[in-house]
**Q** 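Here it is, the structure in full.
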Amino acid sequence: MKLPQTVNILLLGSGGREHAFAWKIAQSPRLEKLYIAPGNAGTRACGINADLDPSNFPALKQFVLNNYINLVVVGPEQPLVDGVKDYFLNDPEIRHIPVIGPSQEAAQLEGSKEYAKAFMMRHGIPTAAYFTVTKENVEEGCAFLASDKVRAPYVLKADGLAAGKGVLIIDDLAEAQAELRAMIDGKFGTASKKVVIEEFLSGIEVSVFVATDGVSYKILPEAKDYKRVGEGDTGLNTGGMGAVSPVPFATPEFMEKVRTRIVEPTVRGIREEGLDYTGFIFIGLMNCGGEPKVVEYNVRMGDPETEVVLPRITSDMIDLFEGIAHRTLDEKVLEVTPQTAATVVCVSGGYPGAYEKGKPISGLPTVSAAIGGGAAVTENSIVFHAGTALKEGRVVTAGGRVLAVTSLGDSIPAATAKSYATIEGIGFEGLYCRRDIGRDLL
Ligand code: AMP
Ligand code: GLY
């Protein structure tokens, strides 16, 4: 099976990751029309923004039928965890339209920490030791924290999706026990009705991305994400303040361990358990003294990692989607430039706490038709929009993470220098970015 030679695509999402997908898809000679639902002020340079809510499945159905959509690409996890893939498969009118992403059951690899841990145990995939706590065994959980099976710092994770906030790392035992009780009592709503206590892994993190058709796989460029808001990895956790790819410590030797010990058994496990998985797997890994261990699975691409991963892929995106959707991934060739990509995220003042929206953004590169279907490209950089909107003809801020400025270069300093030079020309009230992206890797 193949997709038609030219295709109409519906891309779900509205962040920097989706602008990067839209930018890459728009470069394909196989694209007929691209719709982004709902998109942002940047994605409209690559296709048509559709005023649709990705969680309103009946509305998605109407849209794909009305617009002769051949393929649906899902950016964020929520529609996947809510079962968008199953919704399509269960409806005879739209079941022939492939959805890039896993089924609701397979999406539990991200949607439930316990499901993911149990999956890793079944398939012998290296990860931190864990213990699951619910209302029924809170006392046992507190005793586990006090036992010699774990040591400080204590890692407590809400089982369900908690918008990236559901992980607590605590040094003090009494405080960890109190937080465990608070989580079970609903600190993160239903997401923390169940809590996974984990062994603390010390090391440096790397994000590994895998495309799979459920049988075979391709490892995409890896990336390192900068999660803390402050320079030197200080301050609160954010969605991500920047990223670089490739990652120098992810040597061929390390990546071979990742492939044989983690990627292979993950894809084999998906196949053996009969999980419907045609999409991307994002494996958050800790490099523990040269040995990779899984911190988490996500069932989608990362943000801002996508903004450095896709610019390094030089082969056709629609061909890759075709391989994923029609189980012909092993016939496809993935080409990657050896150049370094770096992205620096410009955020609204106050983020990840309270921040204001609606600030006009100046100095954005004009949309260039030169690259593919058009993107905000300067001589040096690609300016991906994350939280932006169009208001009375002006681009304004509309989120915490506003722009992700990506550049390619022969080294990390060369790539980041280009992004910082581009950011010099961009302004909005309260703009903040970390000035040290990539510096820890030199
Ligand atoms: P997660 O939502 O599972 O990705 O956790 C969020 C962040 O918490 C990760 O990116 C790590 O930086 C950290 N983290 C999670 N689990 C562990 C662990 N077992 N040991 C050390 N750090 C962890
Ligand atoms: N950058 C981390 C994530 O997308 O979850």
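Every number for a ligand or one of its atoms is a count from 1 in the order of the listing. In this text the structure is predicted, and so the values were computed from the model without any measurement. Just so you know, residue 1 is the first one in the sequence shown, and it goes up from there.
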**Q** Would you name the heavy atoms of His19 and Val383 that are closest together and state the gap between them?
**A**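 Minimum heavy-atom separation between His19 and Val383: CE1-O, 3.6 Å.
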**Q** Would you call the rings of Phe63 and Tyr35 parallel, tilted or perpendicular, where under 30° means parallel and over 60° means perpendicular?
**A**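 Plane angle over 60°, so perpendicular.
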**Q** Could you tell me whether Leu201 approaches ligand 1 through its side chain, its backbone, both or neither, with non-hydrogen atoms closer than 4.0 Å?
**A**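 The answer is both.
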**Q** Heavy-atom contact check, 4.0 Å cutoff: does Gly239 meet ligand 2?
**A**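 In this structure, Gly239 qualifies as a contact of ligand 2 - some heavy atom is under 4.0 Å.
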**Q** Run the salt-bridge test on Arg181 and Glu139 with the 4.0 Å N-O cut-off and return the result as yes or no.
**A**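 Looking at Glu139 together with Arg181, the answer is yes, because their closest N to O distance falls below 4.0 Å.
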**Q** Please compare Lys165, Glu205, Lys293 and report which has the shortest non-hydrogen distance to atom 9 (C) of ligand 1.
**A**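 Answer by nearest heavy atom: Glu205.
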**Q** Should the proximity of Glu199 to ligand 1, defined as any heavy atom under 4.0 Å, be assigned to the side chain, the backbone, both, or neither?
**A**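 Glu199 to ligand 1: backbone contact only, side chain stays beyond 4.0 Å.
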**Q** Counting only heavy atoms closer than 4.0 Å, does ligand 2 sit against the backbone of Glu305, its side chain, both, or neither?
**A**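 Under 4.0 Å from ligand 2, Glu305 contributes side-chain atoms alone.
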**Q** Mark the output for Gly302 as yes if a heavy-atom distance to ligand 2 is under 4.0 Å, and as no if none is.
**A**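 For ligand 2, residue contact (heavy atoms, under 4.0 Å) with Gly302 is present.
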**Q** Give me the residue, atom name and distance of the protein heavy atom closest to atom 2 (O) of ligand 1.
**A**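 Closest protein heavy atom to atom 2 (O) of ligand 1: Lys113 NZ, 3.2 Å.
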**Q** Between the side chains of Tyr217 and Arg268, is a donor N or O closer than 3.5 angstrom to an acceptor N or O?
**A**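 No - no donor-acceptor pair under 3.5 Å links their side chains.
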**Q** Ligand 2 versus Lys224, non-hydrogen atoms closer than 4.0 Å: side chain, backbone, both, neither?
**A**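 The answer is neither.
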**Q** Output the list of atoms in ligand 1 that are nearer than 4.0 Å to some heavy atom of Lys157, sorted by atom number.
**A**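 Result: 3 (O), 15 (C), 16 (N).
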**Q** Atom 5 (O) of ligand 1: which protein heavy atom is closest, and how many Å away?
**A**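 Residue, atom and distance for the closest contact: Val167 CG2, 3.3 Å.
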**Q** Do you know which two heavy atoms are closest between Tyr432 and Glu231, and how far apart they sit?
**A**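 Smallest interatomic distance, heavy atoms only, reads OH-N, 4.1 Å.
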**Q** Below 3.5 Å, N or O to N or O, backbone or side chain included: is there any such pair between Arg300 and ligand 2?
**A**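 Arg300 vs ligand 2: N/O contact under 3.5 Å present.
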**Q** What residue among Leu80, Val73, Val72 forms side-chain contact (heavy atoms from CB on, under 4.5 Å) with Ile100?
**A**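 The option that passes is Val73.
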**Q** Please state which protein non-hydrogen atom is closest to atom 13 (C) of ligand 1 and give its distance, to 0.1 Å?
**A**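 Nearest protein contact, heavy atoms only, for atom 13 (C) of ligand 1 is Ile169 CD1, 3.9 Å.
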**Q** Evaluate Lys227 against Thr238 for side chain to side chain donor-acceptor pair (under 3.5 Å), listing each step before the verdict.
**A** CA-CA 5 Å; Lys227 289 199 171 82; Thr238 71; over 6 Å; no
**Q** Below 4.0 angstrom, counting only protein heavy atoms, does anything approach atom 7 (C) of ligand 1?
**A**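 When distances to the protein are checked, atom 7 (C) of ligand 1 has no heavy atom within 4.0 Å.
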**Q** Taking the six-membered ring for Trp, is the centroid-to-centroid distance between Phe21 and Phe280 below 6.0 Å?
**A**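 Yes.
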**Q** Distance to 0.1 Å, residue and atom name: give those for the protein heavy atom nearest to atom 1 (P) of ligand 1.
**A**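 Ranked first by proximity to atom 1 (P) of ligand 1 is Glu296 OE1, 3.4 Å.
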**Q** Test your reading of the structure: does Asp303 have an N or O sitting under 3.5 Å from an N or O of ligand 2?
**A**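 Yes; the residue has a nitrogen or oxygen that sits under 3.5 Å from a nitrogen or oxygen of the ligand.
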**Q** With only distance considered, is Asp225 within less than 3.5 Å of ligand 2 through an N or O on each side?
**A**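 Between Asp225 and ligand 2, an N or O pair is found under 3.5 Å apart.
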**Q** Within 45° of the six-membered ring axis of Phe88 and under 6.0 Å from that ring's centre, is NZ or CZ of Lys85 located there?
**A**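 Cation-pi check for Lys85 and Phe88: fails.
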**Q** Would you call the rings of His123 and Phe119 parallel, tilted or perpendicular if under 30° counts as parallel and over 60° as perpendicular?
**A**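 His123 vs Phe119 ring planes: tilted.
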